[in-house]
2 protein chains.
Amino acid sequence: MDDDHCECESEEFTARIRGGMLDDDTVMDLADLFKVFGDSTRIRILWALHESEMCVHGISKSLGLTMSAVSHQLKTLKDADLVQSRRDGKNVYYSLCDEHVEILLSTALTHLREEKR
Amino acid sequence: MDDDHCECESEEFTARIRGGMLDDDTVMDLADLFKVFGDSTRIRILWALHESEMCVHGISKSLGLTMSAVSHQLKTLKDADLVQSRRDGKNVYYSLCDEHVEILLSTALTHLREEKR
DNA sequence: TGAACAGTTGAACAAATGTTCAAGTGATTG
DNA sequence: CAATCACTTGAACATTTGTTCAACTGTTCA
């Protein structure tokens, strides 16, 4: 047995890591979910919606973005089940689906602040 | 006063949203942090490291990736203060910096599972 | 019905990103 | 000190992604 190799290069060790690994679909789903958060426009939209339900025009006006850009991003957010929508006359109102958005954003903010210390 | 417009299009409302908005740097930092999580290779590396500290060779062997690819991604993870490294002889050992990685991953997993219901 | 408003969508383009390959550094050992 | 192992790095390439523009759908109201 070589003992000039570190433990983590052993067959036993690598087998254990492989055994504990998330399956491929889950890894992809996780990455895809985080990708949705990985854009400043979408972060802004989510932050705005955590204040209140809003229509597309209201979001684009508040954030200084074109309606088209907002609509494209809302579609991405909706596909990820982060926001939901309801139509009322000419307007479509968007709101956050659940509390996970807030947890993810606030955990990330905490990380950023500790990093700066 | 038009009352065929929704509340969220009013000047008062948009001003409130703008006032509550995160500043540009914070939004960018948040997006950049989430971007780091938004890749399946990095998710796999983080998941492996949450089991145990590992050297680069061990990670690449466990996950079936080239050392170069792993090293590039570890640099990204380190720049985001998600992992830290220490050298011991020829080996460089990487480990998670803090508990935020686990919180973010587990919150995201919870979201994915609720989504499926 | 037709004009106006709210929103969506697809194509096109530029910018960002992940992997590979090849060349490099740094530490150990004979 | 030369060889080897562990790791890093930069350039190149293909892929992905966000915005814009233009055309489109859907609703209201006169």
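Excluded from the calculations below are hydrogen atoms, water molecules and symmetry mates; all remaining heavy atoms, backbone and side chain alike, are included. In the text below, chain A, chain B and the rest are named by the order of the sequence lines, each starting its count at 1.
- B:D23 pairs by the side chain to side chain donor-acceptor pair (under 3.5 Å) definition with B:T26, not counting sequence neighbours.
- Protein atom CD1 of B:I45 is 12 Å distant from nucleotide atom C1' of C:dT19, rounded to whole Å.
- Going from atom CH2 of B:W47 over to atom CG of A:L30 covers 7.5 Å, rounded to the nearest 0.5 Å.
- Out of D:dT8, C:dT8, C:dG7, the shortest distance to the side chain of A:C55 is found at C:dG7.
- If you take CZ of A:F37 and C1' of D:dT17, they are 18 Å apart, rounded to a whole angstrom.
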What does the list of N/O pairs under 3.5 Å between the protein and nucleotides 10-15 of chain C look like, with a distance for each?
from   : atom 1 : to    : atom 2 : distance (Å)
C:dG10 : O6     : A:H72 : NE2    : 2.8

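- Relative ring orientation between A:F34 and B:F37 is described as tilted, the plane-to-plane angle lying within the 30° to 60° band.
- Residues satisfying the side-chain contact (heavy atoms from CB on, under 4.5 Å) criterion with A:M67, sequence neighbours excluded, are A:V56, A:H57, A:S60.
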Quick one: which protein N/O atoms are closer than 3.5 Å to N/O atoms of nucleotides 16-18 of chain C? Pair and distance per line, please.
from   : atom 1 : to    : atom 2 : distance (Å)
C:dG18 : OP1    : B:R42 : NH1    : 3.1
C:dG18 : OP1    : B:R42 : NH2    : 2.6
C:dG18 : OP2    : B:R42 : NH1    : 3.4

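- At whole-Å resolution of the value, CZ in A:R87 and P in C:dC5 are 16 Å apart.
- The side chain of B:K90 lies closest to C:dG26 when the candidates are D:dT28, D:dT8, C:dG26.
- Rounded to whole Å, atom P of D:dG18 lies 12 Å from atom CD1 of A:I43.
- Considering only heavy atoms from C-beta on, B:S85 comes within 4.5 Å of B:V92 through its side chain.
- Rounded to whole angstrom, the span from the CE atom of B:M67 across to the P atom of C:dA22 amounts to 16 Å.
- Criterion: ILVMFWY side-chain heavy atoms under 4.5 Å apart, direct or through other members. Under it, A:I103 and A:L46 are not part of a common hydrophobic cluster.
- Each of A:D88 and B:V92 has a nearest nucleotide on DNA chain D; the 5'-most of these lies closest to B:V92.
- Here salt bridge (charged side-chain N to carboxylate O under 4.0 Å, His left out) pairs that include residues 55-68 of chain B, with residues two or more places apart or in two chains, are A:E11-B:K61.
- For D:dT8, one of the phosphate oxygens OP1 or OP2 lies less than 4.0 angstrom from a side-chain nitrogen or oxygen of B:Y94.
- Comparing C:dT20, C:dT9, C:dA27 against the side chain of A:S71 picks out C:dT9 as the nearest.
- Put simply, CG on B:L74 is 7 Å from P on D:dT8, counting in whole angstrom units.
- Taking B:Q73 as the reference, B:D39, B:T41, B:R42, B:I45, B:T76 meet the side-chain contact (heavy atoms from CB on, under 4.5 Å) condition, with sequence neighbours excluded.
- B:I59 places its CD1 atom 8 Å from the P atom of D:dC7, with the value rounded to the nearest Å.
- When the P atom of D:dC21 is taken as reference, atom CG of A:L65 falls 14 Å away, rounded to whole Å.
- Projected onto DNA chain D by closest heavy-atom contact, A:G89 and A:S40 fall at different nucleotides, the more 5' of which corresponds to A:S40.
- Looking at B:R44 and A:D24, a side-chain N of the basic residue comes within less than 4.0 Å of a carboxylate O on the acidic one, giving a salt bridge.
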